[in-house]
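Read the structure below first, then the notes.
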Amino acid sequence: MKLKSTITAISFALILTTCGTTPADRTGAPIDRVINTLNGEPVIPRRANTIYIEPFLNRTAQPDIHDRLHAMLNKHITDDGRLAITTEKTMADLLLRGIIVQYRASPVTFTDFGRPEKVRLLIAMNIMLVDLKKDRVILQNSGVQAFRTFSEIKPPVETEFQARERLIESLAKRLLSMIASGWYTDQMTPVEKGKK
């Protein structure tokens with residue numbers, strides 16, 4: 001009985017010692033800091049009801065992509081119903097800022113004559129979600145992206161414009177997931193998950 005108590009005490013001491021150190025983990029953060037941030041709250045504070053989405057900045061050569069994405073995100077947030085969108089920043093609980101940093105069309109496969117057969121379309125952006133009531137950044141991510149592979153010559157045929165519109169919708173859904181949960185793994189394709 002005494003031996004069992006001693007073993008239990010030693011095990012408990014080892015657990016405490018391990019939790020009190022800063023392990024070489026992927027984040028580089030001490031375990032106690034990580035645990036302290038896991039308070040059961042979703043990314044959106046429970047008291048937050050309204051969001052103001054600033055017009056997105058656009059650093060690409062696509063002239064209207066930021067407006068299309070802004071409109072699509074507004075639609076998805078409205079359909080979701082968790083937050084109300086306000087056009088007045090002073091009336092909002094949350095603020096979302098975004099910069100579209102990349103729009104790229106890259107050939108994936110070619111025909112025998114050197115014409116692109118399949119093209120991979122990519123849109124990437126940086127976002128920041130701010131709690132206006134507490135004046136603090138809730139979420140900051142510089143790697144939100146979506147991609148789509150399409151072909152204008154091989155069935156199912158899809159133009160770049162059609163692929164771009166579907167890609168914008170996909171990115172809007174990812175942004176909604178980011179706001180709600182902090183990640184968008186539920187929106188990832190099988191290719192992104194490494195299953196294809």
Legend entry - Side chains of N58 and P63 in contact at under 4.5 Å (non-hydrogen atoms): no
Inset, instruction - Would you indicate whether the side-chain heavy atoms of M125 and L175 approach each other to under 4.5 Å? - result: yes
Inset, instruction - Identify the heavy atoms of L95 and E54 that sit nearest to each other, and give their distance. - result: CD1-CG, 3.5 Å
Inset, instruction - Could I get the full list of side-chain hydrogen bond (donor to acceptor under 3.5 Å, both in side chains) partners for K75, not counting sequence neighbours? - result: D79
Inset, instruction - Write down the atom of L122, the atom of Q145, and the distance for their closest heavy-atom approach. - result: CD1-OE1, 3.6 Å
Inset, instruction - Find out whether M72 and K173 are in side-chain contact, i.e. whether some heavy atom of one side chain is under 4.5 Å from a heavy atom of the other. - result: no
Legend entry - Separation of L69 CG from N74 CG (nearest 0.5 Å): 9.5 Å
Inset, instruction - Spell out, yes or no, whether L176 and M128 are grouped together once hydrophobic residues are joined by side-chain heavy atoms under 4.5 Å, including indirect joins. - result: no
Inset, instruction - Indicate the atoms forming the closest heavy-atom contact of E158 with Q162, along with that distance. - result: CA-OE1, 3.5 Å
Legend entry - Value rounded to 0.5 Å, distance of CG in L132 from OG1 in T50: 8.0 Å
Inset, instruction - Could you check if a side-chain atom of I179 sits within less than 4.5 angstrom of a side-chain atom of I77, using non-hydrogen atoms only? - result: yes
Legend entry - Crowding at CG, D64 (>12 non-hydrogen neighbours, <6.0 Å): yes
Inset, instruction - Please list, chain by chain and in numerical order, all residues satisfying salt bridge (Lys or Arg N to Asp or Glu O under 4.0 Å) with E117, sequence neighbours excluded. - result: none
Legend entry - Sequence-distant partners of Y103, side-chain hydrogen bond (donor to acceptor under 3.5 Å, both in side chains), two or more places apart: E160
Inset, instruction - Could you walk me through whether Q62 and R164 pass the side-chain hydrogen bond (donor to acceptor under 3.5 Å, both in side chains) test, one step at a time? - result: CA-CA 10 Å; Q62 296 289 313; R164 192 189 78 156; 3.1 Å; yes
Legend entry - From CZ (R115) to CD1 (I153), nearest 0.5 Å: 4.5 Å
Legend entry - NZ/K133: more than 12 non-hydrogen atoms of other groups inside 6.0 Å: yes
Inset, instruction - Compare all side-chain heavy atoms of S170 with those of I123 and state whether any distance is below 4.5 angstrom. - result: no
Legend entry - Distance (rounded to the nearest 0.5 Å) between H66 NE2 and R59 CZ: 13.5 Å
Inset, instruction - State, yes or no, whether a side-chain contact exists between R47 and D131 at a heavy-atom distance under 4.5 Å. - result: yes
Legend entry - I51: which of T86, L73, L83 passes side-chain contact (heavy atoms from CB on, under 4.5 Å): L83
Inset, instruction - With sequence neighbours left out, write down each residue that passes ring-ring contact (aromatic ring centres under 6.0 Å, His included) with F56, or none if nothing qualifies. - result: H70
Legend entry - Point-to-point distance, once rounded to the nearest 0.5 Å, from CG of L129 to CZ of R97: 11.0 Å
Legend entry - Contact summary for P45 and L94, nearest pair of heavy atoms: CD-CD2, 4.0 Å
Inset, instruction - Report whether I127 and I44 are members of the same hydrophobic cluster (ILVMFWY, side-chain heavy atoms less than 4.5 Å apart, transitive linking). - result: yes
Inset, instruction - Starting from M91, walk the hydrophobic network (Ile, Leu, Val, Met, Phe, Trp, Tyr; side-chain heavy atoms closer than 4.5 Å) and list everyone else you reach, by chain and number. - result: none
Inset, instruction - Look up atom CZ in R174 and atom NE2 in H76, then write down how far apart they are to the nearest 0.5 Å. - result: 12.5 Å
Inset, instruction - Heavy atoms only: give me the nearest L121-A105 pair and the separation to one decimal. - result: CD1-CB, 3.6 Å
Legend entry - Shared-cluster residues of L57, by chain and number - hydrophobic side chains joined below 4.5 Å: I99, V101
Legend entry - ILVMFWY cluster, I138 and V130 together (side-chain gap under 4.5 Å): no
